[in-house]
Amino acid sequence: MNFYPHHIGDFNNATRHLTRVERSVYRDAIELYYDTESALTSDVSKLEKRLICRLEDEKSALKSVLEEFFELTDDGYFHVRCDSEIAKYRANTSAKSKAGKASAEARGKRAEERKKRRREKNEQNLTGVEQVLDSVTAEAQQNPTNHNPLTNNQEPIKKSVTKKSS
């Protein structure tokens with residue numbers, strides 16, 4: 001997951017009794033959980049390396065956090081709230097994927113319909129244009145009456161030029 005909901009009130013209420021180191025380790029642990037979308041490894045020494053717990057107080061904080069907030073199974077350390085959020089995320093992603101595919105299919109069908117209508121319209125227009133041009137040409141050949149149009153400004157305007165005497 002690239003995003004997970006962090007409810008500040010819920011986090012503060014659940015971790016108010018922890019030390020700053022424990023809160024930091026807990027936050028790192030749930031971020032790793034969300035990032036991998038799977039349980040944390042049950043190998044604590046590997047987990048210490050993944051969460052950069054090098055000092056003894058950090059290692060102790062990790063063990064304390066794991067005992068309090070995670071459930072150890074054969075598959076690793078599970079977190080109920082994280083699993084719930086991941087399940088919601090996956091369901092939402094699956095629904096969006098299905099909707100996206102359906103939308104793409106519908107757009108494809110609409111595009112094909114538009115292409116089909118354009119082709120039909122072009123075929124109709126080609127036929128209609130040819131008939132109109134033929135009839136206009138035939139009419140112009142039969143009635144050639146307007147070869148010399150009369151206008152009101154046939155004569156050029158003459159300007160009188162006056163010369164100044166020096």
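These numbers were taken from a predicted model, which means no experiment stands behind them. Nothing fancy with the numbering, it's 1 onward along the sequence.
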Sequence-distant partners of [X], salt bridge (Lys or Arg N to Asp or Glu O under 4.0 Å), two or more places apart:
X: Asp10; value: Arg81
X: Glu31; value: Arg27
X: Lys115; value: Glu112

Sequence neighbours excluded and cut-off under 3.5 Å, please list the side-chain donor-acceptor pairs for residues 61-70, or say none.
residue: Ser64; atom: OG; partner: Glu22; partner atom: OE2; Å: 3.4
residue: Glu68; atom: OE1; partner: His17; partner atom: NE2; Å: 3.2
residue: Glu68; atom: OE2; partner: His17; partner atom: NE2; Å: 2.7

All side-chain contact (heavy atoms from CB on, under 4.5 Å) counterparts of [X], not counting sequence neighbours:
X: Asn13; value: none
X: Thr41; value: Asp43, Lys46, Leu47
X: Ile52; value: Arg54

Give a yes or no on whether Leu55 atom CG has more than 12 heavy-atom contacts from other residues, nucleotides or ligands under 6.0 Å away. yes
Rounded to the nearest 0.5 Å, what separates atom NZ in Lys59 from atom CG in Leu51? 12.5 Å
Between the side chain of Tyr33 and the main-chain N/O of Ser38, is any donor-acceptor distance below 3.5 Å? no
Would you say the side-chain atoms of Thr15 pair up with the backbone N or O of Phe11, donor to acceptor, closer than 3.5 Å? yes
Just to verify, what does Phe78 make a ring pair (Phe, Tyr, Trp, His ring centres under 6.0 Å) with, not counting sequence neighbours? none
Considering residues at least two apart in sequence or located in another chain, which fulfil the side-chain hydrogen bond (donor to acceptor under 3.5 Å, both in side chains) criterion with [X]?
X: Ser24; result: none
X: Thr73; result: none
X: Glu37; result: Arg90
X: Arg50; result: none

Do the non-hydrogen side-chain atoms of Arg20 and Val25 ever get within less than 4.5 Å of each other? no
Answer whether the closest heavy-atom distance between the side chains of Glu71 and Tyr77 falls below 4.5 Å. no
Any idea which heavy atoms bring Ser42 and Leu72 closest together, and the distance? CB-CD1, 3.7 Å
Glu85 versus Pro5, closest heavy-atom pair with distance: OE1-CG, 3.2 Å
Do the side-chain N and O atoms of Tyr26 and His79 include a donor-acceptor pair separated by under 3.5 angstrom? yes
Using 4.0 Å as the upper bound for N to carboxylate O, is an ion pair formed by Lys116 and Glu113? no
